Amino acid sequence: MTKLYPYLAFVKKSFLGLSAYRFNHFMGILNTILRIFIFWEIYRALYGGRTEVDGITITMVATNFILSMGLDSVFFVNDYYLPDRIQNGSIATELLLPVSIHGRMLADNLGHALFQLLFHFVPAVAVSVLFIGIAAPADFSMLLLFLLSALFGYGVLWTISFAAQMLSFWLINVWSIMTIKNVFINVLSGSMIPLWFMPDWMRGVIRFTPFSSIYFTPLQIYLGQLSFSEILHGFLIQFFWIVILLSIGMFLWKKGQKKLVVQGG
Amino acid sequence: MIIFEHVCKFILSDVNLHIPQGISLGLIGPSGSGKTTFLKLTCGLLEPAAGSVYTMRLIPEKNRRKLGSMTGAFFADTPFFREEDTVESNFRDLKIIYRMQDNIFDKEYYALAERLGFRSFEKESVKQLSLGQRRRAELGALLLSRPKLILLDEPTEGLDQTARDSLRELLMERKMEGTTLVISSHNMEEISAICERIALLDHGSLRYYGEKELLLRHFAPDEVMEISFSGKMPDLEDLPLRHYSLHQNKLKLTYNSNYVTSAELLRHILAQTTITAVTTQKSGLSEAVSRIERGEKHELY
């Protein structure tokens, strides 16, 4: 516990620090609600009065994008945490402090995510549920498994960013890489277009990427579309990606640090 | 505390030295002579290309975090704070990092804020500060956790005289408490006032390492004495002077203090005439350093 103390304190500090930017925050909530309503109108037009296309009801689709966009606001990752520090040289200062730089980065992000969960996700999803409506969770145990799977989904999203950030040891500008990464996440994770509507060959490809583990796995659990063994499989895949991406990130970190101490800055 | 064994890195070549605990060392030398490299090797930001470095019996680049809890390192060209946050918020981060109790933090923080004068802008974000303001806060941050080893790279750059004086006082206090100090600077007076040992780097090799007093005796033994006298001009024939000059009734004597002391000179002159005023001036560290850099052989005894 005492080992964790600084990190918990940083979670708290990051959480409390956000309450200073009220206007920014309200605009953020408004933005999420607007995006949800725009998607709702698009899908209503696409469904053209029908309630079901290929066995996918419009309620399932609404549930997908409302929960995905809600979670998207919670799943906070600062893609430029390390790149900024490597760029301006303050990485050297942080390396000499007696706390883990990664632990501090995670703590900062978690504080942010907790704040978003309470003050962004809850109001935005509440408004959407009130005016659009979503499917109820399949049952209570599925709701719990959904929450657990969403937590792992955040883990996958975070470790993708973690590994990508390490590239800044070798690249002067990682902006383009981060942008490409985020486009991949938006399109291939199923948050905009549910993966049900993707052609089979594409779903086959996506199965071998970490992206569907972020939002789509938890969502399918929520809707009760997965059997018990499929849920277990989903968790294992999420876990697999977290381990793999974290290992890649740590490997690159070691290499990058070596570069720093050998070449200096 | 710090051991360098045959260390080579960048410009540094075959540097050997041992800095015992509690010593205050001034690291001097022209720009590009390897001062910053030396300090970065000491705290583990660089790895020696050959040889080995030990800081507090640890290999620095493998024990950075452990050393970090006992060491404060400041590099003039490395940002120390999070730019977007306020000064106070940055200090609160350090409070968390060093696990300081509330009362201890408050005591240290307010004392440092008062003495280094960053209290007035503690609520401003770091990016809004001037260089001097930022430096004062950064040096305060460095001293906050009372590290056992303090490494400073050009700490006084951008500081005004008041802040320089406060910093010197603070460092002297820490030194009395047994803190080991390594300071690199171009400012010889600064170094001279704080440090008892000197390491002189020149093009990456250690030209001198030892007591400051000894360095002065070897390389800057000259003293200048100005005597105003009334009465007859004293006879200076037998005195081992380097040279002397007379202007009206003011006599200026330059001599090597290793050969003759000011007391001996005075006694000799007093015996012959009446003295109305005396001033003496030792040549400083900068004189010694420039003589070493010019490659002069020292004249000892």
Side-chain angles (χ1 to χ4, degrees), chain A residues 1-21 24 78 80-112 169 253-265, chain B residues 9-12 34 36-37 39-49 53 55 59-86 89-90 92-100 125-127 138 141-142 145 147 149 151 153:
Chain A
M1 204 59 192
T2 54
K3 245 195 144 136
L4 276 181
Y5 161 75
Y7 308 105
L8 294 176
F10 278 127
V11 171
K12 187 175 155 200
K13 192 162 183 277
S14 146
F15 183 91
L16 295 176
L18 281 175
S19 45
Y21 306 99
N24 200 5
N78 179 359
Y80 297 95
Y81 190 98
L82 276 174
D84 283 351
R85 278 161 180 74
I86 291 169
Q87 189 100 71
N88 73 10
S90 60
I91 182 107
T93 304
E94 302 230 2
L95 283 174
L96 295 178
L97 293 174
V99 288
S100 149
I101 192 164
H102 306 140
R104 201 173 168 192
M105 174 174 150
L106 181 60
D108 268 13
N109 291 342
L110 278 180
H112 205 134
F169 278 112
W253 168 253
K254 289 259 154 61
K255 288 265 169 210
Q257 245 184 327
K258 190 83 189 163
K259 178 173 174 274
L260 280 188
V261 297
V262 172
Q263 299 177 9
Chain B
K9 181 73 182 179
F10 302 150
I11 192 167
L12 291 185
T36 305
T37 305
L39 291 172
K40 286 193 169 167
L41 283 165
T42 306
C43 62
L45 283 178
L46 287 175
E47 187 183 44
V53 178
T55 304
I59 297 173
E61 82 268 11
K62 297 213 170 96
N63 296 281
R64 234 180 270 130
R65 238 190 279 165
K66 194 167 173 195
L67 279 177
S69 59
M70 305 179 274
T71 310
F74 170 83
F75 294 96
D77 57 353
T78 307
F80 196 89
F81 288 133
R82 300 194 165 193
E83 298 279 310
E84 5 20 293
D85 293 347
T86 64
S89 166
N90 271 295
R92 300 245 166 238
D93 284 356
L94 293 172
K95 171 181 183 280
I96 294 173
I97 288 168
Y98 293 111
R99 301 155 191 261
M100 296 174 80
S125 72
V126 172
K127 62 173 173 246
E138 285 171 340
L142 191 89
S145 68
L149 170 65
L151 307 171
D153 188 25

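As a basis for the values below, the full set of heavy atoms in this structure was taken, side chains included, without hydrogen atoms, waters or symmetry mates. Computed from a prediction, not measured in an experiment: that's the story for all the values here. Proteins get letters first, then strands, A, B, ... in listed order; numbering begins at 1 in each.
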Practice problem: Using side-chain contact (heavy atoms from CB on, under 4.5 Å) as the criterion, point out the one residue from A/Ile91, A/Leu260, A/Val261, A/Leu95 that pairs with B/Leu45. | Solution: A/Leu95
Practice problem: Work out which heavy atom in A/Ser90 is nearest to a heavy atom in B/Pro79; give both atom names and the distance. | Solution: CB-O, 3.6 Å
Practice problem: Taking all heavy atoms of B/Thr78 and all of A/Ala92, pick out the closest pair and write down the distance. | Solution: CG2-CB, 3.9 Å
Quiz item: What pair of heavy atoms forms the shortest contact from A/Tyr5 to B/Arg99, and how long is it?
Solution: CD2-CG, 4.0 Å
Exercise. Heavy-atom distances under 4.5 Å only: say whether B/Lys9 touches chain A with side chain, backbone, both or neither.
Key: side chain
Quiz item: Any salt bridge between A/Glu94 and B/Arg82, counting N to O under 4.0 Å?
Solution: yes
Quiz item: Where does B/Asp93 contact chain A at under 4.5 Å (heavy atoms): side chain, backbone, both or neither?
Solution: both
Quiz item: If you round to the nearest 0.5 Å, how far is CD of A/Gln257 from CZ of B/Arg64?
Solution: 4.5 Å
Practice problem: Pick one of side chain, backbone, both or neither for B/Leu41, based on which atoms fall under 4.5 Å of a heavy atom in chain A. | Solution: neither
Exercise. Taking ring-ring contact (aromatic ring centres under 6.0 Å, His included) as the test, write out the residues that go with A/Phe15, two or more places apart.
Key: A/Phe115
Quiz item: Rounded to the nearest 0.5 Å, how far apart are CD1 of B/Ile96 and NZ of A/Lys12?
Solution: 8.5 Å
Exercise. Please flag which part of B/Ile97 lies under 4.5 Å from any non-hydrogen atom of chain A: side chain, backbone, both or neither.
Key: both
Practice problem: Kindly indicate whether the side chain of B/Leu94, heavy atoms from C-beta on, has any atom under 4.5 Å from the side chain of A/Leu97. | Solution: yes
Quiz prompt | Minimum heavy-atom distance between A/Leu96 and B/Ala73, given as atom pair plus value | solution = CD1-CB, 3.8 Å
Quiz item: For B/Ser145, is it the side chain, the backbone, both or neither that has a heavy atom under 4.5 Å from a heavy atom of chain A?
Solution: neither
Self-check item: Proximity breakdown for B/Tyr98 and chain A, heavy-atom pairs closer than 4.5 Å
Solution: side chain
Quiz item: Among B/Arg65, B/Glu61, B/Met70, B/Arg92, who wins on heavy-atom pairs under 4.5 Å with chain A?
Solution: B/Arg65
Quiz item: Checking B/Phe81 against chain A: side chain, backbone, both or neither under 4.5 Å from a heavy atom?
Solution: neither
